[in-house]
S.K.: 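Got a structure for you, written out below as structure tokens; questions coming shortly.
Keep in mind that what you see is a predicted model, and the values were worked out from it rather than measured. Letters go in sequence order (proteins before strands), and every chain restarts at 1.
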Amino acid sequence: MAESTGETEITAERPRVERYDPAAIESRWQACWEADELYKAVIDRSRPKFYFLTMLPYTSGNLHIGHWYAMAPSDARARFKRMQGYNVMYPIGFDAFGLPAENAAIQRNIHPKTWTYQNIENMRRQLRSMGAMWDWSREAISADPEYYRWTQWFFLKLHEHGLAYKKRSPVDWCPKCNTTLAREQVVGEDRVCERCKTPVIKKDLDQWFFRITSYADELLDFSHLDWPEPVKLLQTNWVGRSEGARVVFHTEGGDPMEIFTTRPDTLWGATFMVLAPEHPLVEKLTTPERSQAVRAYVQQTQRQTDIEREAVDREKTGVFTGGYAINPVNGERIPIWIADYVLMSYGTGAIMAVPAHDQRDFEFARKYGLEVRPVIQPEGMEPLDGGSMTEAVTEYGAMINSGPLTGTPVDQAIERTIAYLEEKGIGERAVNYRLRDWLISRQRYWGAPIPMISCPECGIVPVPEDQLPVELPEDVEWRPTGESPLKLHPTWKNTTCPRCGGPAERETDTMDTFMCSSWYHLRYLSPHYDKGPFDPEEYDYWMPVDTYTGGVEHATMHLIYTRFFHKACRDMGITKGPEPMLQLRNQGQILGPDGQRMSKSRGNVVDPDEQVKTYGADTVRAYLMFGYRWSEGGPWNPDNIHGVVRWLNRVWALVLETAGAEPGPVDEKHVRALQRKLHQTIRQATHDLDNFEFNTVVAALMELTNAMSQARAKGLAGHPAFKEAVQSLLLMMAPLTPHIAEELWSRLGKPYSIHQQPWPEFNPELAAEEEITLVVQVNGKVRDRIRVPADISEEEARARALASQAVQRHMGGAEPRKIIVVRGRLVNIVI
RNA sequence: GCCGAAGUGGCGGAACUGGCAGACGCGCGCGACUCAAAAUCGCGUUCCUUCGGGAGUGUGGGUUCGACUCCCACCUUCGGCACCA
């Protein structure tokens with residue numbers, strides 16, 4: 001659609017300018033910004049605050065391009081908010097405790113601390129090369145004693161308030177990492193360690209837990225949060241709330257046996273009971289004749305891994321205990337079985353089996369010849385017969401064979417049964433959660449020691465606050481043995497009891513590193529504060545976090561822990577407000593050029609250092625924003641980056657070559673076109689940066705650059721409108737490509753720094769179109785496009801459309817039945 | 001099996017609230033500059049076409065004057081959960 005204007009293009013001699021050389025300018029500006037503390041965030045109550053946070057990196061040693069992808073666009077948005085007048089805090093730090101440090105230490109015979117702090121050095125250098133606006137004065141490192149002193153302090157607080165407790169229970173153990181794991185850190189169908197993908201096994205151990213389940217209901221409340229729906233859903237499913245009733249059955253011997261059910265209405269259809277093999281009543285219930293079979297089955301279950309046991313498609317197995325229970329609603333005597341499809345870890349570890357209406361119970365009943373008794377008759381279905389049914393019937397209907405509730409429709413029956421149970425005192429309304437308490441003990445060295453002491457006289461005693469931190473000894477043998485290396489240290493664990501003064505032992509396990517990262521956003525407020533975990537004044541000004549960005553993979557780990565942590569702290573009077581992070585946005589993942597997840601073993605890792613060396617930080621930043629939908633990610637494509645290289649080169653040349661241009665005669669039409677494009681770009685860039693749509697911001701700025709090239713060719717280079725466009729272009733580039741923007745800004749003689757300038761103001765009048773293309777359709781098909789004034793009336797639009805020759809031809813003389821006019825867009829003629 | 005996200009040119013991706021599908025860029029083609037090449041600049045680039053037009057946003061249906069966009073069913077890919085009583 002080349003517009004032939006018939007005008008002669010201006011091809012005046014272009015001033016010669018030096019080439020754009022990112023290497024020459026980037027490190028200079030980085031040093032300059034840092035020396036001037038340009039990004040230092042200081043409390044300023046005259047401006048609205050904005051706490052912008054990206055998930056802190058683990059100290060693995062090398063950033064990969066994925067870190068850049070997560071951080072550079074976030075940085076751009078933080079910078080944008082700052083230009084909009086917010087007082088922005090954008091901190092950075094390191095998640096520095098954890099297993100990889102120990103594993104690396106073992107392989108290379110280097111101390112985990114040395115390895116970690118060397119890595120931090122390198123990562124600081126890499127992070128600085130991005131040119132982000134981090135406030136390094138707020139840097140926090142979770143492995144520093146001045147940090148973990150407060151991690152331990154939080155532990156003591158949780159313990160003091162009954163939210164941390166020690167319990168012996170079967171827990172997930174990774175044989176490769178040689179430590180226990182939280183339920184969240186065991187992943188996938190084959191129940192493997194989240195970190196090393198080794199299948200976990202069960203071990204019975206004394207471990208510390210946090211009572212996250214006390215907050216289950218509150219964790220389901222997202223009303224204060226602007227978080228992505230999928231994350232909220234993941235957390236909702238993870239918490240797994242189900243409503244129903246608890247009902248107390250009794251064994252024939254008189255022992256109470258509690259069950260949980262979501263379908264109390266089917267109580268009259270319970271024809272047997274099933275206990276988990278680990279259920280404490282099993283031994284007592286078992287009759288002497290059944291004892292051998294039961295014992296064999298229990299042993300067999302113990303030997304099984306979780307993978308074998310929890311495979312869904314496996315045929316159900318179980319054995320009869322010989323014992324009987326009494327159904328409290330009808331007094332019936334029903335057999336008690338044990339089976340491994342009932343899990344000790346959910347509900348009460350015991351169920352009533354209603355084979356007619358539950359598929360699992362049905363399969364079990366058919367296999368072992370147990371009675372199937374329907375108690376619900378769905379409408380329009382043949383009368384159910386327990387003997388001939390081929391599968392459980394889960395449809396709703398009217399209740400049958402159910403004593404006082406017979407005839408009740410199921411939608412009322414659940415409520416009425418609960419009322420009946422409560423009235424008779426045999427059960428009550430109850431809620432169950434899938435969520436388990438958070439297991440935080442780790443049998444490893446490189447973590448924050450749990451600040452507890454075990455005294456033979458006084459039991460478990462907390463370390464007094466004034467003795468924190470409990471420092472990690474450096475002279476340890478950190479080879480993993482399955483026991484904490486701290487336990488094997490000759491002297492460290494020996495101490496005196498703070499209560500009685502007698503000899504006592506320290507807890508030798510360390511804390512899950514997710515504990516450290518649950519509160520790092522608080523440590524950034526005042527990383528060197530020593531009167532508490534954070535300075536309350538800083539808290540009051542900065543908290544809560546306004547925008548948080550990171551990967552969706554943390555939905556059921558870090559993000560649920562940190563919410564729990566905040567709420568627990570709120571209840572202890574330490575933090576305020578319902579939530580720690582108000583807005584969350586997830587970036588996608590950058591894959592290797594082969595479309596596979598980047599990994600050293602595949603050899604497809606893209607090293608940001610190399611990219612920066614080849615193209616410069618600004619180009620890498622802009623490409624990461626331009627080449628992908630940020631929330632999606634995708635494979636690294638080494639070809640597409642050339643588009644960004646060319647763009648920055650063109651901007652460089654355009655700005656410098658026109659810098660000294662003198663005003664000359666111009667056509668006002670072209671001036672208007674340039675102004676219009678500029679203000680349309682401001683509108684779009686503002687909107688898109690607010691909405692994390694970085695790719696279209698860059699596209700819009702490229703379009704503006706193209707428009708400016710055309711304007712220049714029309715002789716506008718010396719015109720004030722052109723100067724304004726240059727200035728605004730640089731201002732809008734500043735968040736995305738901070739170095740080149742600053743360099744060109746300074747070469748134009750503008751005041752340092754561009755990053756302290758306000759965001760360009762949008763003027764809707766200048767953005768408005770005077771003339772638009774009116775699309776004319778006949779029966780919904782485009783037949784013509786006509787240029788009309790933007791404010792054209794409906795009648796006029798209709799008339800102009802009907803007058804079109806192309807339209808006439810397609811109407812073939814027919815009368816229009818209906819004409820739809822959409823203001824400023826189209827006319828559709830229906831014949 | 002259940003829950004969720006995504007399917008648009010050769011490629012990455014645009015398209016506000018239902019109103020010109022393919023912005024911007026990569027790649028490719030042609031041209032200018034050059035002894036030549038690179039770089040740069042200009043033009044073109046969804047497919048088919050009898051040059052009138054026709055088809056087209058994973059597939060099939062529906063709603064509507066009009067559907068990438070809304071509804072129903074299905075297919076594919078990715079992610080989560082998985083005997084949760």
S.K.: Give the rounded distance in Å between these two atoms: CG of A:Asn779 and C1' of B:C65.
M.R.: 8 Å
S.K.: For the side chain of A:Ile820, starting at C-beta, report the closest nucleotide among B:G19, B:A5, B:G25.
M.R.: B:G19
S.K.: Considering only B:C65, B:C26, B:A85, which nucleotide approaches the side chain of A:Lys818 most closely?
M.R.: B:C65
S.K.: Picking from B:C26, B:A82, B:C83, which would you name as closest to the side chain of A:Arg360?
M.R.: B:C83
S.K.: Between B:A85 and A:Ser242, is there an OP1 or OP2 to side-chain N/O distance shorter than 4.0 Å?
M.R.: yes
S.K.: Once you round to the nearest 0.5 Å, how far does OG1 of A:Thr213 lie from CZ of A:Arg436?
M.R.: 10.0 Å
S.K.: Start at the 5' end of RNA chain B and walk down; is the nucleotide closest to A:Asn695 or to A:Arg263 reached first?
M.R.: A:Asn695
S.K.: Report the distance from atom CZ of A:Arg650 to atom C1' of B:A39, rounded to the nearest whole Å.
M.R.: 14 Å
S.K.: Determine which nucleotide pairs with B:A38, using a 3.5 Å limit on both distances of a Watson-Crick or G-U wobble pair.
M.R.: none
S.K.: Of the listed nucleotides (B:A15, B:C24, B:C3), which one gets closest to any side-chain atom of A:Glu703?
M.R.: B:C24
S.K.: Which sits closer to the 5' end of RNA chain B, A:Glu632 or A:Gly240, going by the nucleotide each is nearest to?
M.R.: A:Glu632
S.K.: For B:G66, does the glycosidic angle fall within 90° of 0 (syn) or outside that (anti)?
M.R.: anti
S.K.: Is any side-chain N or O of A:Arg434 closer than 4.0 Å to OP1 or OP2 of B:A82?
M.R.: yes
S.K.: Do the ring planes of A:Phe260 and A:Tyr346 sit parallel (below 30°), tilted (30 to 60°) or perpendicular (above 60°)?
M.R.: perpendicular
S.K.: When rounded to the nearest Å, what value does the distance between C1' atoms of B:G22 and B:C72 take?
M.R.: 28 Å
S.K.: Of the nucleotides B:C83, B:A82, B:A85, which one has an atom closest to the side chain of A:Thr262?
M.R.: B:A85
S.K.: Walk me through it: do A:Glu229 and A:Lys232 pass the test salt bridge (Lys or Arg N to Asp or Glu O under 4.0 Å)?
M.R.: CA-CA 5 Å; A:Glu229 289 303 323; A:Lys232 294 194 273 187; 3.1 Å; yes
S.K.: How is A:Gln777 classified with respect to the nucleic acid when contacts are heavy atoms under 4.0 Å: base, sugar-phosphate, or nothing?
M.R.: base
S.K.: Just verifying a value: how many Å separate A:Arg563 CZ and A:Ile212 CD1, rounded to the nearest 0.5 Å?
M.R.: 9.5 Å
S.K.: Of the nucleotides B:G27, B:C84, B:A6, which has the atom closest to the A:Arg646 side chain?
M.R.: B:G27
S.K.: So A:Val248 and A:Glu258, do their side chains get closer than 4.5 Å, heavy atoms only?
M.R.: yes
S.K.: Identify the nucleotide, in any strand shown, that forms a Watson-Crick or G-U wobble pair with B:G4, with both distances under 3.5 Å; if there is none, say none.
M.R.: B:C78
S.K.: Is A:Arg798 salt-bridged to A:Glu794, going by a charged N under 4.0 Å from an acidic O?
M.R.: yes
S.K.: Counting the atoms with a prime plus P, OP1 and OP2 as sugar-phosphate, which does A:Trp238 contact under 4.0 Å by heavy atoms, base, sugar-phosphate, or nothing?
M.R.: sugar-phosphate
S.K.: Could you list all N or O pairs between the protein and nucleotides 48-55 of chain B that sit under 3.5 Å apart?
M.R.:
unit_1	atom_1	unit_2	atom_2	d
B:G53	OP1	A:Arg809	NH2	2.9
B:G54	OP1	A:Arg783	NH2	3.2
B:G54	OP2	A:Arg783	NH1	3.0
B:A55	OP2	A:Lys781	NZ	3.3

S.K.: If you check the A:Asp639 side chain, which of B:C26, B:A21, B:G4 turns out closest?
M.R.: B:C26
S.K.: Looking only at atom C1', what distance separates B:G7 and B:A14, rounded to whole Å?
M.R.: 16 Å
S.K.: Please report, rounded to the nearest Å, how far the C1' atom of B:C84 is from the OH atom of A:Tyr433.
M.R.: 14 Å
S.K.: Could you measure between the two C1' atoms, the one in B:G13 and the one in B:C81, and give it in whole Å?
M.R.: 32 Å
S.K.: Within this structure, what is the CZ-to-P distance between A:Arg19 and B:U40, rounded to whole angstrom?
M.R.: 9 Å
S.K.: Report which part of the nucleic acid A:Gly588 touches: base, sugar-phosphate, or nothing (heavy-atom distance under 4.0 Å, all strands).
M.R.: nothing
S.K.: Starting from C1' on B:C24, measure out to CZ on A:Phe694 and report it in whole angstrom.
M.R.: 17 Å
S.K.: Base, sugar-phosphate, or nothing: which does A:Gly627 touch, judged by heavy atoms less than 4.0 Å apart?
M.R.: sugar-phosphate
S.K.: Quick check for you: among B:G25, B:A85, B:G27, whose closest atom lies nearest to any side-chain atom of A:Tyr346?
M.R.: B:A85
S.K.: Tell me, please, whether A:Trp238 has A:Arg434 positioned over its six-membered ring: NZ or CZ under 6.0 Å from the ring centre and within 45 degrees of its axis?
M.R.: yes
S.K.: Could you give me the CA-CA distance, side-chain angles and deciding distance for A:Tyr623 and A:Asn637, then say whether side chain to side chain donor-acceptor pair (under 3.5 Å) is met?
M.R.: CA-CA 10 Å; A:Tyr623 170 58; A:Asn637 184 332; 5.3 Å; no
S.K.: Does B:G66 have a Watson-Crick or wobble partner in any strand here, with both distances under 3.5 angstrom, and which is it?
M.R.: none
S.K.: Quick one: which of B:C83, B:A85, B:C20 gets closest to the side chain of A:Thr773?
M.R.: B:C20
S.K.: Tell me which residues in residues 822-831 of chain A put a heavy atom below 4.0 Å from RNA chain B, sorted by number, or none.
M.R.: A:Val822, A:Arg825, A:Leu826, A:Asn828, A:Val830
S.K.: Using whole Å, what does the distance between atom C1' of nucleotide B:A14 and atom CG of A:Leu701 come to?
M.R.: 15 Å
S.K.: Is there a ring pair (Phe, Tyr, Trp, His ring centres under 6.0 Å) between A:Tyr628 and A:Tyr69? Walk through the geometry before answering.
M.R.: CA-CA 10 Å; A:Tyr628 308 83; A:Tyr69 186 66; 5.6 Å; yes
S.K.: When rounded to the nearest Å, what value does the distance between C1' atoms of B:A23 and B:G9 take?
M.R.: 14 Å
S.K.: How far does the P atom of B:C28 sit from the matching atom of B:C75, given to the nearest Å?
M.R.: 40 Å
S.K.: Any idea how A:Trp337 and A:Phe364 line up, ring-wise: parallel (<30°), tilted (30 to 60°), or perpendicular (>60°)?
M.R.: perpendicular
S.K.: Between B:U69 and B:U8, how far apart are the two C1' atoms, rounded to whole Å?
M.R.: 12 Å
S.K.: Can you give me the closest heavy-atom contact between A:Ala700 and A:Thr681, atom names plus distance?
M.R.: O-CG2, 3.7 Å
S.K.: Measure from CD1 on A:Ile259 to P on B:C84 and round the result to the nearest Å.
M.R.: 15 Å
S.K.: A:Asn706 has a side chain; which of B:G7, B:C11, B:C24 sits nearest to it?
M.R.: B:C24
S.K.: Based on the glycosidic angle (syn within 90° of 0, else anti), state the conformation of B:G9.
M.R.: syn
S.K.: Taking B:U49 as the reference, what is the distance to B:U59 when you measure between their C1' atoms (whole Å, please)?
M.R.: 26 Å
S.K.: Checking base pairs now: Watson-Crick or wobble, both atom distances under 3.5 Å. What partners B:C47?
M.R.: B:G54
S.K.: Please give the distance between the C1' atoms of B:U76 and B:G25 as a whole number of Å.
M.R.: 28 Å
S.K.: Provide, to the nearest angstrom, the distance between the CE atom belonging to A:Met702 and the P atom belonging to B:G13.
M.R.: 15 Å
S.K.: Evaluate the side-chain proximity of A:His687 to A:Phe762: yes if any heavy-atom separation is below 4.5 Å, no if none is.
M.R.: no
S.K.: Kindly compute the distance separating NE2 (A:His357) from CD1 (A:Ile376), expressed to the nearest 0.5 Å.
M.R.: 4.5 Å
